[in-house]
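Each residue takes its place number in the sequence, starting with 1. Model, not experiment: these values are computed from the prediction.
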Amino acid sequence: QVQLVESGGGSVQPGGSLTLSCSLSGYTYNTGCMGWFRQSPGKNRRGVASIDTYGSTTYDDSVAGRFTITRDSAKNTLYLQMSGLKPEDTAMYYCAVDKDHAQCGWSWALGADFLYWGRGTQVTVSS
């Protein structure tokens with residue numbers, strides 16, 4: 001059974017940094033699209049960063065230049081390095097994997113292609 005477990009969330013001041021981790025079990029990553037999503041109260045869940053089988057990355061405009069998605073295949077772990085955090089980054093962050101496609105679809109940020117999700121880790125940015 002595929003399981004994803006996020007960690008690394010917390011509370012930081014504006015301008016601070018955090019690194020989120022997503023550990024995969026029940027599935028040895030060798031191909032697929034992996035992504036980080038976030039959802040804040042009253043808003044729809046939306047993708048912020050993705051990485052495909054070939055290492056190509058895509059970022060939402062709101063986080064481009066501040067967030068970096070990486071993958072350690074040996075550790076079966078996905079990361080999201082976040083810097084320059086803003087109050088509007090406050091949200092529950094989820095990782096997800098689409099095993100069925102080597103590349104992320106054009107609508108990956110909507111999340112429909114991702115069958116496996118973690119339970120999320122909370123990030124709060126406030127002074």
Side-chain angles (χ1 to χ4, degrees):
Q1 182 179 358
V2 179
Q3 291 188 326
L4 291 76
V5 179
E6 303 93 339
S7 61
S11 296
V12 295
Q13 294 186 340
S17 300
L18 281 174
T19 297
L20 305 183
S21 299
C22 173
S23 177
L24 282 69
S25 61
Y27 165 60
T28 299
Y29 181 85
N30 53 21
T31 187
C33 172
M34 302 183 73
W36 284 98
F37 295 75
R38 68 185 181 187
Q39 186 172 23
S40 53
K43 294 187 176 181
N44 292 330
R45 183 184 63 196
R46 186 163 179 88
V48 296
S50 68
I51 185 167
D52 71 10
T53 304
Y54 311 105
S56 295
T57 57
T58 305
Y59 297 94
D60 185 80
D61 288 346
S62 65
V63 306
R66 299 187 297 122
F67 290 13
T68 303
I69 186 171
T70 57
R71 180 183 64 230
D72 187 329
S73 297
K75 295 184 178 180
N76 230 25
T77 301
L78 181 71
Y79 301 97
L80 185 67
Q81 296 171 277
M82 307 184 294
S83 62
L85 284 163
K86 305 175 181 179
E88 52 264 43
D89 295 319
T90 295
M92 184 70 79
Y93 283 72
Y94 302 88
C95 63
V97 61
D98 168 14
K99 296 170 54 184
D100 297 330
H101 301 92
Q103 294 179 290
C104 302
W106 67 271
S107 63
W108 71 269
L110 299 178
D113 292 336
F114 295 82
L115 294 181
Y116 303 101
W117 294 82
R119 292 190 173 185
T121 185
Q122 177 69 36
V123 172
T124 303
V125 185
S126 71
S127 54

K99 and V97, any side-chain heavy atoms less than 4.5 Å apart: yes
Side-chain heavy atoms of V2 within contact of W117, under 4.5 Å: no
Co-membership, hydrophobic cluster, residues V123 and Y79, 4.5 Å side-chain: no
Closest non-hydrogen atom pair, L80 against W36: CB-NE1, 3.5 Å
Donor-acceptor pair, side chain of Q103 and main chain of T53, under 3.5 angstrom: no
Donor-acceptor contact below 3.5 Å, side chain T90 vs main chain V125: yes
Under 3.5 Å donor-acceptor, R45 side chain and M92 backbone: no
Main-chain N/O of M34 paired to W108 side chain as donor or acceptor, under 3.5 Å: no
Least distance between heavy atoms, L110 atom then F37 atom: C-CE2, 4.4 Å
Minimum heavy-atom distance Q39-K43, with the two atoms named: NE2-O, 3.1 Å
Review item, side-chain donor-acceptor pairs of residues 59-66, under 3.5 Å, at least two apart:
unit_1 : atom_1 : unit_2 : atom_2 : d
Y59    : OH     : I69    : N      : 2.9
D60    : OD2    : S62    : N      : 3.0
D60    : OD2    : S62    : OG     : 2.5
S62    : OG     : R38    : NH2    : 3.2
R66    : NH1    : G84    : O      : 2.9
R66    : NH1    : D89    : OD2    : 2.7
R66    : NH2    : S62    : O      : 2.7
R66    : NH2    : D89    : OD1    : 3.0
R66    : NH2    : D89    : OD2    : 3.4

Return all side-chain donor-acceptor pairs below 3.5 angstrom for residues 14-25, not counting sequence neighbours, or 'none' if the list is empty.
none

Heavy-atom pair with the smallest gap, counting every atom of Y94 and R119: CE2-O, 3.3 Å
Min side-chain heavy-atom separation L115-D100 under 4.5 Å: yes
Hydrophobic cluster membership, F114 vs L4, 4.5 Å side-chain cutoff: no
Near-ring test Y27/Y116, centroid separation under 6.0 angstrom: no
Reported CZ-to-CG distance for the pair R71 and N76, which is rounded to 0.5 angstrom: 10.5 Å
Side-chain touch E6/C95, heavy atoms, less than 4.5 angstrom: yes
